[in-house]
Undergrad: 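Take a look at this one; I'll ask things after.
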There are 2 protein chains.
Amino acid sequence: MKMKPTIKDVAKLANVSISTVSRVMNAPETVVETKKLRVLDAIERLKYKPNALARGLIYKKTNTLGVVIPDIRNPYYADIIRGMEDASKMLGYNLIICNTDRDRARLFSYLNNFYEKQVDGILYTSDPVYPDYYKALQRLQMPVVLVSTHSMEYRLPSVKINDEQAAYDAVKYLIDSGHTSIGMIGFHLSDSIAGLPRYEGFARALREHDLDDSKDNVVFVNGWSYDTPDAAAQLIARFPSVTAVFTSSDELAIGLIAYLHEQGIRVPEQISVMGFDNIRWGNLSIPKLTTVAQPTYEIGFRSVMKLNAIIKEQDDSELREYLPHTIIERASAKILKSFSSP
Amino acid sequence: MKMKPTIKDVAKLANVSISTVSRVMNAPETVVETKKLRVLDAIERLKYKPNALARGLIYKKTNTLGVVIPDIRNPYYADIIRGMEDASKMLGYNLIICNTDRDRARLFSYLNNFYEKQVDGILYTSDPVYPDYYKALQRLQMPVVLVSTHSMEYRLPSVKINDEQAAYDAVKYLIDSGHTSIGMIGFHLSDSIAGLPRYEGFARALREHDLDDSKDNVVFVNGWSYDTPDAAAQLIARFPSVTAVFTSSDELAIGLIAYLHEQGIRVPEQISVMGFDNIRWGNLSIPKLTTVAQPTYEIGFRSVMKLNAIIKEQDDSELREYLPHTIIERASAKILKSFSSP
DNA sequence: TCCTCTTCTGAAAAGCTTTTCAAATCGTTC
DNA sequence: GAACGATTTGAAAAGCTTTTCAGAAGAGGA
C-alpha cells in the first residue's frame, strides 16, 4: 500500500511552497490565480486530503465527541444516538460511541480514552452522576452534557424530560379514564432518574385524587432485564383488584402484556397498561401500546446542540433543560368514562 | 480552563528530558530507578496522559475504526454494533459510528471523513457494494470489512450468514411441519443481500419439495418501512389459501402478525408466521415469534476481529466468512405433523 | 590512573499541518 | 527610474510525541 499524499507532495507537484498549498485551502483569496489553479490541480490529481491529526494538534480541536451510553441495543438509547448523530453531522462532528454496561471500570476507562483522543466534548447518557463520576468528569476539564439524566448536586448541564411530571400525567390519564385501582411496575427507587421520580409522579397523582397510594400497589424491578413476568405475577397477587398498571418503561409494559396474555387476562378489557418511553415497537404490539412519549430523538439532537454551544462558549440556555413529553393514546388503556373537564 | 499538561511539563517537574519521560512510558526498563520514580511521581501529580493525536501522527495509527451503517435505530444493526463495540474494547479500538440512511452522498462524505481522521480501518455494513462505492473504497487505500453483506464481483473480505441457505432452512421447517401453501413477504430482488438470496432460498425449498413456487405467492416490499399492512393484504388477496408465511425480517413478521390480528385471523392457528433475524422483540410478541436467528452480535464481533487481523496483516481466514444461522422455534408457526426423518 | 565497554541520557529530527514574520515581487506615482 | 505601499510568497516555528544518534556517565579491568 503506497503512502498517502501529504501537503508536501502537493507542494512539490505544483511547484510552490507548502505554505501556499495551505493557503489555497484555508484562505484562497490570498493567493494569485495562476498558482491557485496549479495547486488545485495537484490536489485533485493526488486526491490529497489534509490529515486531521496534524490539524487537531494545531487547532486543539478534533471535531469529535465522545458518547458514553449504557447499551446501544436498548432502542431507547438507539433513538437518542440517532438524534445525536444527525445533529453532529450538521455541525461537523463525529461521534465515538461507547457502551458502559453501567460498569464503573468500563466508564472510567472510556473517559480516559476520550481525554487521550482529545475529543471536544462528552455526552454522558442516562446514568445518575455519582460523586466519583463527577470527580472523574471534573478532572477531564472537558465540556460535558448529561443526556436523559441530570444532577441536582452538581452544576452540570443536562437535557431530559421531566420524569416526575410525565409519570404524573400518565397516571392522571388513567384516572381521568375512570380507573381507581391503579398499580405500577417501576424501577428501584435508588435509580434517581427512571426510578424515584416516576414513582413520585405516580404517587402524587393518586394522592391528589384521593386514591390509595400505598406501596403495596407497586412492584420494583432492578435493572433493565426481562424478569418482568415475576414482577407482574407479584403485582397481581398483591393487588388482585387492579384495573390499570403504569409501567416505567415500554419494555416492562410489553413484558407485562405478554405475561397477562399467557395468563388469559385480556388487555385492555380486564387490565389497562400504560407504558413509558414510546419506543418504536409499541406501535406493533398487540394491543398497540398506550404510552407516554419521550422525545428521544430530540433529546439526542438537542444535547449535541447544547454541547456545541458550550464548546463554542455561546451557551445561552438553561443549565438544565427539560423537553416536553406527550401521551400517546393507543389501544392498551381502556377508557371507562370520558374525561371530565376540570 | 487551564491547559492540559504535556510531556514537557512532566519533564520539567521531574527535572529530566522529555525523552526520558517518554521512555518511562514506553520502555521503562531502560531508565534508572531513581529517575523513573521521579517521573512516575510527576505524571501522577499532573495527571498526565499522552496526547493520542501526536502519537497517531508518529505511529500512523489511531486505534479508531470507522463504521458506516444504514440506521442505528434498527435493532438488527444495534446488535451488530454491540458486538463490534465489545471486540473493539478488547482490542483497544474506538468506533466512530455513522448513519448513512442508505444515502450515497452521506456515505461518501463519511468515507472522506474517515480518511481525513486517519481511521485504521472501515466496517461497511449491510448495503450492497455498487461499482462507484467500490471505487470510493478503493481510493481510500484502507482496510475494509463488509459486514452482513458481501461482494462477488470484488475481492473484499466480508462476514455474514448464508442468506440463501437460511431462507431455505426456514421454509424447509415450514414444509417439514406439514405446510404446503406457503407465501412470502420479502424485500425487492434488487436488494442483493436481504432480497434476492432469501427469495431464492424460499423458491428452492418449494421447488425441491414439489410445491408451487410461482411468484404469485410472494409480495415484495421496497425499503424497510412500515408498509407491511399493504403487503400483507395483497398477499392474502392473491393467495387466500395460504397457511404459512415466510417473511424476510422480523419487522415484517411482527407487522404481518399485527395486521392479521386486526383482521381477526389467528396466528398460528390459521396462518403460521416465520420471521428472519431474531431481534430481541420477537420474544415479546404475541405469539412469540418463530424465526431464523442471525448471530448478529457475533457478526459484529467477528468483523472487528477480521478487520484487526487485516490491519495487523495476519489475516489467515477465508475472504468471505459465513457464520451459522439457527432456527428459533417459538409459537408463531404451527406444526401440522411431526417432522419426517429423511 | 587510564582505557574500554556498557548503560543512560538528552538534543534533534520526524510525523503533518497552520501561522507568523520577513523577504520578495508587483504596481503606482512622482 | 526611484521610491513607496500593497500584495504575495517561502522559511521557520509551533503543536506533542517518539525515536535515532551521539555524547555522558558509570563500571570494570589492566
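Any value given below was found using the heavy atoms of this structure, including those in side chains, with hydrogens, waters and symmetry copies removed. Throughout, protein chains are lettered first and strands after them, A, B, ... in sequence-line order, and every chain is numbered starting at 1. Small disclaimer: the values here were computed from a predicted structure and weren't measured.
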Undergrad: Any side-chain donor paired with an acceptor under 3.5 Å for B:Ser109 and A:Lys89?
TA: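 Looking only at side-chain atoms, A:Lys89 and B:Ser109 do form a donor-acceptor pair, the distance falling under 3.5 Å.
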Undergrad: Where the side chain of B:Arg23 is defined as all heavy atoms beyond and including C-beta, which of C:dG10, D:dG10, C:dT18 is the nearest nucleotide?
TA: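 Nearest nucleotide to the side chain: C:dG10.
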Undergrad: Expressed in angstrom and rounded to an integer, what is the separation of A:Ile18 atom CD1 from C:dT18 atom P?
TA: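 That distance rounds to 9 Å.
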Undergrad: Among D:dT17, C:dT18, C:dC16, which nucleotide sits nearest the side chain of B:Leu57?
TA: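 For B:Leu57, the side-chain atoms sit closest to C:dC16.
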Undergrad: Could you state the CD1-C1' distance from A:Ile58 to C:dC16, rounded to the nearest angstrom?
TA: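 Computing the A:Ile58:CD1 to C:dC16:C1' distance gives 7 Å.
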Undergrad: For the pair made of CE in B:Met25 and C1' in D:dT17, what is the distance, rounded to whole Å?
TA: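 Answer to the nearest Å: 8 Å.
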Undergrad: Whole Å only: how far is the CZ atom of B:Arg55 from the P atom of D:dT19?
TA: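 The answer, rounded to whole Å, is 9 Å.
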Undergrad: Closest to the A:Lys60 side chain: C:dT18, D:dG15, D:dG10?
TA: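 Shortest atom-to-atom distance from the side chain points to D:dG15.
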Undergrad: Atom OH of B:Tyr59 and atom C1' of C:dG15: how far apart are they, to the nearest Å?
TA: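 B:Tyr59 atom OH is separated from C:dG15 atom C1' by 12 Å.
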Undergrad: Quick one: is B:Ser22 getting a side-chain N or O under 4.0 Å of the D:dT18 phosphate, OP1 or OP2?
TA: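 True: B:Ser22 side-chain N/O within range (under 4.0 Å) of D:dT18 OP1/OP2.
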Undergrad: What is the separation between atom CD on A:Gln118 and atom C1' on D:dC16, rounded to the nearest whole Å?
TA: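 Answer to the nearest Å: 9 Å.
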Undergrad: Establish, from distance only, whether the side-chain atoms of B:Tyr110 and A:Asn94 form a donor-acceptor pair under 3.5 Å.
TA: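 No, no side-chain donor-acceptor pair sits under 3.5 Å.
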Undergrad: Let me spell it out: for each of B:Lys35 and A:Asn26, pick the nucleotide of DNA chain C with the closest heavy atom. Which residue's pick is nearer the 5' end?
TA: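 The answer here is B:Lys35.
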Undergrad: In terms of side-chain heavy atoms, does B:Gln294 have a donor or acceptor partner in B:Tyr76 at a distance below 3.5 Å?
TA: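 The criterion, which ignores hydrogens and geometry beyond distance, is satisfied for B:Tyr76 and B:Gln294.
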Undergrad: Looking across every strand, which nucleic acid part, if any, lies under 4.0 Å from B:Ser19 by heavy atom: base, sugar-phosphate, or nothing?
TA: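 B:Ser19: base contact, heavy atoms under 4.0 Å.
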Undergrad: Between A:Glu33 (CD) and D:dT7 (P), how many Å, whole number?
TA: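 In whole Å, D:dT7 P and A:Glu33 CD are 16 Å from each other.
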Undergrad: Assign each of B:Asn15 and B:Ala54 to its nearest nucleotide of DNA chain C by heavy atoms, then name whichever residue's nucleotide is nearer the 5' end.
TA: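 Result of the comparison: B:Asn15.
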Undergrad: Please determine, for the side chain of B:Pro50, which listed nucleotide (C:dC16, C:dT9, D:dT17) has the closest atom?
TA: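 In terms of side-chain proximity for B:Pro50, the closest of C:dC16, C:dT9, D:dT17 is D:dT17.
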Undergrad: May I have the distance from A:Leu53 (atom CG) to D:dT18 (atom P), rounded to whole angstrom?
TA: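 My rounded result for the distance is 14 Å.
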Undergrad: To the nearest 0.5 Å, how far apart are CZ in A:Phe301 and CG in A:Leu323?
TA: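 Between A:Phe301 CZ and A:Leu323 CG, I get 12.0 Å after rounding to 0.5 Å.
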Undergrad: B:Asn63 and B:Lys61: side-chain donor and acceptor closer than 3.5 Å?
TA: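 The criterion, which ignores hydrogens and geometry beyond distance, is satisfied for B:Lys61 and B:Asn63.
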Undergrad: Please tell me if A:Ser17 has a side-chain N or O lying less than 4.0 Å from either OP1 or OP2 of D:dT9.
TA: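 No.
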